[in-house]
Amino acid sequence: DTAVSQTPKYLVTQMGNDKSIKCEQNLGHDTMYWYKQDSKKFLKIMFSYNNKELIINETVPNRFSPKSPDKAHLNLHINSLELGDSAVYFCASSQDPAGYSNQPQHFGDGTRLSIL
Amino acid sequence: GESVGLHLPTLSVQEGDNSIINCAYSNSASDYFIWYKQESGKGPQFIIDIRSNMDKRQGQRVTVLLNKTVKHLSLQIAATQPGDSAVYFCAENSSYKLIFGSGTRLLVRP
């Protein structure tokens with residue numbers, strides 16, 4: 001069983017379009033995250049949700065809007081896509097937010113977003 | 001700031017040899033550290049973690065060493081196998097976020 005699953009795995013679209021990425025975890029965790037990994041493999045936190053509440057927003061442009069309908073799901077909607085948005089986006093989850101208890105985060109296999 | 005490099009360092013080892021991957025972290029107040037392995041087309045996979053009240057922790061074929069004096073973390077892999085080829089990241093728990101290092105690519109020569 002996949003613990004953290006993201007869809008789609010690949011997303012190719014044109015500049016200016018709006019797209020969504022979905023994430024689901026079946027680990028029973030309370031906290032979920034979105035990360036962006038650039039072409040140099042640098043991995044950086046974007047958002048964190050705990051029990052459906054936003055707890056971290058790392059000065060991401062407001063074209064990016066996360067939504068957590070329940071604890072097991074965290075979706076990411078991106079408006080007006082730009083060339084610089086091309087990256088791999090990873091969803092992750094942990095039982096508690098980073099820093100509250102020392103537990104690793106579990107990652108999905110990523111969504112590769114390519115902007116034409 | 002983060003311990004981030006603009007390039008991806010590469011470590012090439014012979015199959016069967018031991019590998020040592022190093023990482024410098026930035027925040028002396030960080031209290032929890034994790035090593036992740038990322039294979040091509042996959043997400044980061046947890047390998048081993050260590051709390052700041054320890055200086056060494058061992059797993060199956062892997063050992064993590066923590067030197068808080070110089071803010072240095074290392075991952076040792078014993079008897080490296082072809083399946084160990086991947087990019088390895090250290091991460092520190094800092095300001096309620098996981099801050100990732102820039103990663104090291106491990107290549108295992110047959």
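We name chains A, B, ... by the order of the sequence lines, and we start the count at 1 in each one.
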Side chains of A:His106 and B:Gln45: does their closest heavy-atom pair fall under 4.5 Å?
no
Determine whether B:Tyr36 and A:Pro104 make a side-chain contact, defined as any pair of heavy atoms from C-beta on separated by less than 4.5 Å.
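In short, these two side chains touch, coming nearer than 4.5 Å.
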Under 4.5 Å heavy-atom distance to chain A, tell me which part of B:Glu39 shows up: side chain, backbone, both or neither.
neither
Side chain, backbone, both or neither: which part of B:Leu98 has a heavy atom under 4.5 Å from chain A?
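Both backbone and side chain.
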Search all heavy atoms of [X] against all heavy atoms of [Y] and return the closest pair with its distance.
X       : Y       : answer
B:Gly43 : A:Phe90 : CA-CE2, 3.3 Å
B:Gly41 : A:Lys9  : O-NZ, 3.1 Å
A:Lys41 : B:Leu8  : CG-CD2, 3.9 Å

Please determine whether ring pair (Phe, Tyr, Trp, His ring centres under 6.0 Å) holds for the pair B:Phe46 and A:Phe107, giving the CA-CA distance in whole Å, both sets of side-chain angles, and the decisive distance to 0.1 Å.
CA-CA 9 Å; B:Phe46 170 80; A:Phe107 285 77; over 10 Å; no
Answer yes or no: does atom [atom1] of [X] have more than 12 heavy-atom neighbours from other residues, nucleotides or ligands under 6.0 Å?
X       : atom1 : result
B:Met54 : CE    : yes
A:Lys52 : NZ    : no
B:Gln14 : CD    : yes

Hey, do the aromatic rings of A:Tyr100 and B:Tyr96 have their centres closer than 6.0 Å?
yes
CA sep, side-chain torsions, deciding dist, call: A:Asn102, B:Asp49, side chain to side chain contact (heavy atoms under 4.5 Å, CB included)
CA-CA 9 Å; A:Asn102 294 327; B:Asp49 57 5; over 6 Å; no
Let's test your reading of the structure: which of A:Gln37, A:Gln6, A:Arg112 forms the most heavy-atom pairs below 4.5 Å with chain B?
A:Gln37
